[in-house]
Amino acid sequence: MDFLSTVKGSLLEGFFPEGWDMAKIDACCDKGVAREAFWNKDFQPVECDAVADFDTYMGHEIALQIKNARDAGQQLAIILPVGPMGMYKWAAYFLNEWKVNCDHVTTFNMDEWADKDGNTLDPTNPASFEYSMKQAFFSKINQTVPECQRNFATKTNLPTYPEKIAKLKAEGAKLVLVFGIGRMCHIAFWEPHFAADYATEEEWKKAPYRQGAKLHPLTIEQNALTSFKSRTTLVPCYANTIGPGIFLQADYIIGGCDGVLGRGMGWPGMSCLTTLHYGPDMHITSTFIPTMPGKLFYLKELAGPLVAECN
């Protein structure tokens with residue numbers, strides 16, 4: 001008996017997005033991190049033995065991109081997530097040790113909790129991504145990013161992202177994407193079921209953002225576990241988010257897959273390996289990540305074997 005033979009007639013029938021080839025996803029789970037022909041020649045998975053290594057390596061990579069741009073006299077536009085988060089203290093640490101002034105940096109937070117109309121949480125709310133970024137990153141940098149150069153995905157500001165990023169790139173700025181991969185293989189909150197709204201992949205690739213984007217139930221539950229101590233009732237069902245029209249423009253990417261819960265448990269293994277091996281497909285957002293230059297940091301056990309285990 002296998003999973004596919006039990007789906008029909010179950011509550012999972014119709015639960016996963018249209019366009020997902022579950023047999024193909026399952027096959028990805030046995031491939032580890034073996035290189036694929038469709039990967040960008042400058043894309044590199046980086047194995048981390050423990051969460052402490054993951055946070056340090058990823059933080060160093062973020063800080064290094066900021067320092068290198070400073071040393072080159074170049075502006076840097078950087079898209080930032082709230083999840084993973086542990087790398088920010090290390091990014092700040094390295095920037096402070098190197099005495100880097102960050103006034104050449106413009107940041108764009110990739111998403112924010114919202115209601116169905118795109119209204120976001122008050123920035124003083126500890127659950128808001130704006131609050132989290134100020135506490136975890138901006139406030140820890142001695143020569144920090146100027147407030148006027150920090151962008152958050154509010155109802156009024158998110159629509160200005162495309163023009164601001166285009167202007168920075170026209171002026172020679174490098175665009176760096178920092179991200180985590182969600183349980184549903186989203187980048188930012190760009191969920192896979194959004195693909196059904198686009199006639200072609202090219203149309204999908206041009207979509208810059210969504211306000212009041214409807215989140216998948218597994219995304220909500222993932223965040224309940226990782227950010228709200230299991231309290232699903234606190235997790236919004238909608239978010240504002242950038243789309244592929246923005247994140248696919250990145251000149252360099254810094255990604256992370258952590259999510260190991262201990263005692264053999266974890267949620268990102270299938271998402272990570274699907275990202276690496278499925279091949280670019282608009283129905284699974286993160287599958288475009290290996291086609292871009294940069295690094296994906298991942299915890300060693302997420303590479304498998306992904307097999308049944310009682311804990």
Side-chain angles (χ1 to χ4, degrees), residues 46 48 50-113 120-154 157-158 160-161 164-165 167-169 171-180 188 226-227 242 246-247 250-258 293-297:
V46 179
C48 305
V51 173
D53 298 330
F54 175 91
D55 290 344
T56 308
Y57 298 165
M58 197 169 174
H60 179 268
E61 191 70 18
I62 293 169
L64 189 62
Q65 289 296 315
I66 293 172
K67 180 182 184 298
N68 286 348
R70 184 78 191 183
D71 292 346
Q74 183 181 30
Q75 292 188 77
L76 182 71
I78 186 165
I79 299 168
L80 297 173
V82 175
M85 288 291 283
M87 70 281 191
Y88 286 127
K89 67 180 179 182
W90 285 107
Y93 172 84
F94 287 115
L95 290 169
N96 292 339
E97 285 293 300
W98 299 333
K99 297 179 172 57
V100 178
N101 188 324
C102 296
D103 63 6
H104 65 299
V105 177
T106 302
T107 64
F108 296 86
N109 259 73
M110 58 172 48
D111 45 24
E112 180 61 272
W113 298 119
T120 53
L121 297 177
D122 187 285
T124 62
N125 187 324
S128 78
F129 294 168
E130 182 170 348
Y131 179 92
S132 298
M133 287 302 303
K134 290 175 179 176
Q135 297 299 312
F137 190 42
F138 297 126
S139 67
K140 288 181 165 55
I141 306 171
N142 293 339
Q143 299 181 79
T144 195
V145 178
E147 287 193 27
C148 63
Q149 290 165 213
R150 306 174 192 171
N151 288 277
F152 299 98
T154 64
N157 196 46
L158 180 60
T160 71
Y161 279 24
K164 288 177 178 177
I165 290 172
K167 182 176 184 294
L168 285 163
K169 293 198 78 169
E171 293 170 352
K174 183 177 184 178
L175 179 61
V176 171
L177 169 68
V178 184
F179 65 94
T226 58
S227 301
I242 63 168
I246 290 178
F247 61 72
D251 301 301
Y252 189 81
I253 64 172
I254 304 170
C257 285
D258 52 357
K295 296 178 180 177
L296 176 65
F297 297 88

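Quantities reported herein were computed from a predicted structural model and do not represent experimental measurements. Note that the numbering runs from 1 along the sequence shown for the chain.
The environment of Glu147 atom CD is sparse: at most 12 non-hydrogen atoms of other residues, nucleotides or ligands sit within 6.0 angstrom. Residue Phe138 qualifies as enclosed at atom CZ: its count of foreign heavy atoms under 6.0 Å is above 12.
Side-chain atoms of Asp53 and Thr56 include no donor-acceptor pair closer than 3.5 Å. Side chains of Lys174 and Gln75: no donor on one and acceptor on the other come within 3.5 Å. For Gln135 and Tyr88, the side-chain atoms include no donor-acceptor pair closer than 3.5 Å.
Between the side chain of Gln149 and the backbone N or O of Asp103, at least one donor-acceptor pair lies under 3.5 Å. A donor-acceptor pair under 3.5 Å links the side-chain atoms of Ser139 to the main chain of Lys134, judged by distance alone. With Glu61 contributing its side chain and Lys295 its backbone, the two residues share no donor-acceptor pair below 3.5 Å.
Residues Ile253 and Phe179 have side chains in contact (heavy-atom distance under 4.5 Å, counting atoms from C-beta outward). At least one side-chain heavy atom of Asn157 sits less than 4.5 Å from a side-chain heavy atom of Lys164. With contacts defined as side-chain heavy-atom distances shorter than 4.5 Å, the pair Leu168/Leu175 does not qualify. The shortest side-chain heavy-atom distance between Asn101 and Arg70 falls under the 4.5 Å cut-off. Counting heavy atoms from C-beta outward, Cys48 and Tyr57 have side chains that approach closer than 4.5 Å. Between Ile141 and Cys102, the closest side-chain pair of non-hydrogen atoms falls below 4.5 Å. Residues Glu130 and Thr124 are not in side-chain contact: their nearest non-hydrogen atoms beyond the backbone lie 4.5 Å or more apart. In this structure the side chain of Leu64 never reaches within 4.5 angstrom of the side chain of Phe94, judged on heavy atoms.
Closest of all the heavy-atom pairs between Ala153 and Glu112 is O-CB, 3.8 Å. Contact record, Phe137 with Ile66: CZ-CD1, 4.4 Å, taken as the closest heavy-atom pair. The nearest pair of heavy atoms linking Ala188 to Ile242 is CB-CG1, 3.8 Å. For the residue pair Asp111 and Phe129, the shortest heavy atom distance occurs at O-CD1, 3.0 Å. The shortest non-hydrogen separation linking Met85 to Ala136 is CE-CB, 3.5 Å. Residues Pro81 and Met87 approach most closely at CG-CE, 4.1 Å, considering heavy atoms.
With values rounded to the nearest 0.5 angstrom, Asn109 atom CG is found 5.0 Å from Phe152 atom CZ. One finds the CD1 atom of Ile165 at 9.5 Å from the OG1 atom of Thr106 (value rounded to the nearest 0.5 Å). Note: Leu121 CG to Thr154 OG1 = 12.0 Å, rounded to the nearest 0.5 Å.
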* Could you go through the side chain to side chain contact (heavy atoms under 4.5 Å, CB included) check for Val46 and Met58 one step at a time? => CA-CA 10 Å; Val46 179; Met58 197 169 174; over 6 Å; no

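Shown are Asn151, Leu177, Val176; of these, the side chain to side chain contact (heavy atoms under 4.5 Å, CB included) with Ile79 is made only by Leu177. The only option from Trp90, Phe297, Trp98 that meets the ring-ring contact (aromatic ring centres under 6.0 Å, His included) definition with His60 turns out to be Trp98.
Relative ring orientation between Phe108 and Tyr161 is described as perpendicular, the plane-to-plane angle rising above 60° on a 0-90° scale split at 30° and 60°.
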